[in-house]
Amino acid sequence: MSVAELAEELQHSQETVRQLLNRGMFRGAYKAGRGGQTSPWRIPMTALDHYRKRQPQGYRAA
């Protein structure tokens with residue numbers, strides 16, 4: 001999944017999602033291509049599942 005897809009799924013801005021990715025909040029997410037600053041993020045569905053399980057009870061994300 002892409003940053004835009006993840007942002008829509010979590011109801012966050014794309015910038016917020018990028019910040020979470022840079023902090024390592026999505027286990028298994030990686031930068032495609034050469035992995036440079038402009039390379040796109042790729043986020044596996046398992047990373048989203050893991051992230052959601054780690055959120056406090058009542059967290060607003062779908």
Side-chain angles (χ1 to χ4, degrees):
M1 111 182 327
S2 68
V3 169
E5 293 166 333
L6 183 58
E8 184 176 330
E9 182 72 27
L10 294 176
Q11 299 177 349
H12 290 321
S13 71
Q14 290 185 32
E15 183 57 32
T16 297
V17 169
R18 282 188 196 93
Q19 289 173 0
L20 293 170
L21 286 162
N22 285 325
R23 285 191 271 162
M25 299 297 288
F26 294 93
R27 182 171 41 186
Y30 63 95
K31 292 278 214 139
R34 294 180 183 223
Q37 285 187 333
T38 60
S39 295
W41 280 99
R42 295 293 177 241
I43 305 103
M45 290 300 292
T46 55
L48 175 58
D49 294 339
H50 183 260
Y51 175 79
R52 283 184 170 155
K53 288 177 185 173
R54 292 177 37 201
Q55 295 310 302
Q57 191 72 7
Y59 185 67
R60 73 174 177 91

Minimum heavy-atom distance between [X] and [Y], given as atom pair plus value:
X: His12; Y: Tyr51; value: NE2-OH, 4.4 Å
X: Ala7; Y: Val17; value: CA-CG2, 3.6 Å
X: Ala29; Y: Leu21; value: CB-CD2, 3.6 Å
X: Ala32; Y: Ser39; value: O-CB, 2.9 Å

Sorted by chain and residue number, the side-chain contact (heavy atoms from CB on, under 4.5 Å) partners of Gln37 (sequence neighbours excluded) come out as none
Who passes side-chain contact (heavy atoms from CB on, under 4.5 Å) against Arg27, sequence neighbours left out? His50
Arg42/Met1 under side chain to side chain contact (heavy atoms under 4.5 Å, CB included): CA gap, chis, key distance, verdict: CA-CA 6 Å; Arg42 295 293 177 241; Met1 111 182 327; over 6 Å; no
Given side chain to side chain contact (heavy atoms under 4.5 Å, CB included), test Thr16 with Leu10 step by step and report yes or no. CA-CA 10 Å; Thr16 297; Leu10 294 176; over 6 Å; no
Do Lys31 side-chain atoms and Gly36 backbone N/O form a donor-acceptor pair below 3.5 Å?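 Yes: the side chain of Lys31 pairs with the backbone of Gly36.
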Check: Glu8 side chain, Glu5 main-chain N or O, donor-acceptor pair, under 3.5 Å: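 Such a contact is absent between Glu8 side chain and Glu5 backbone.
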How long is the span from the OG1 atom in Thr46 to the CZ atom in Phe26, to the nearest 0.5 Å? 11.5 Å
Can Leu6 be reached from Met45 by stepping across I, L, V, M, F, W or Y side chains whose heavy atoms are under 4.5 Å apart?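 Result: yes, single cluster for both.
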So Arg54 and Met25, do their side chains get closer than 4.5 Å, heavy atoms only?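 Side chain of Met25 against side chain of Arg54, heavy atoms only: contact under 4.5 Å found.
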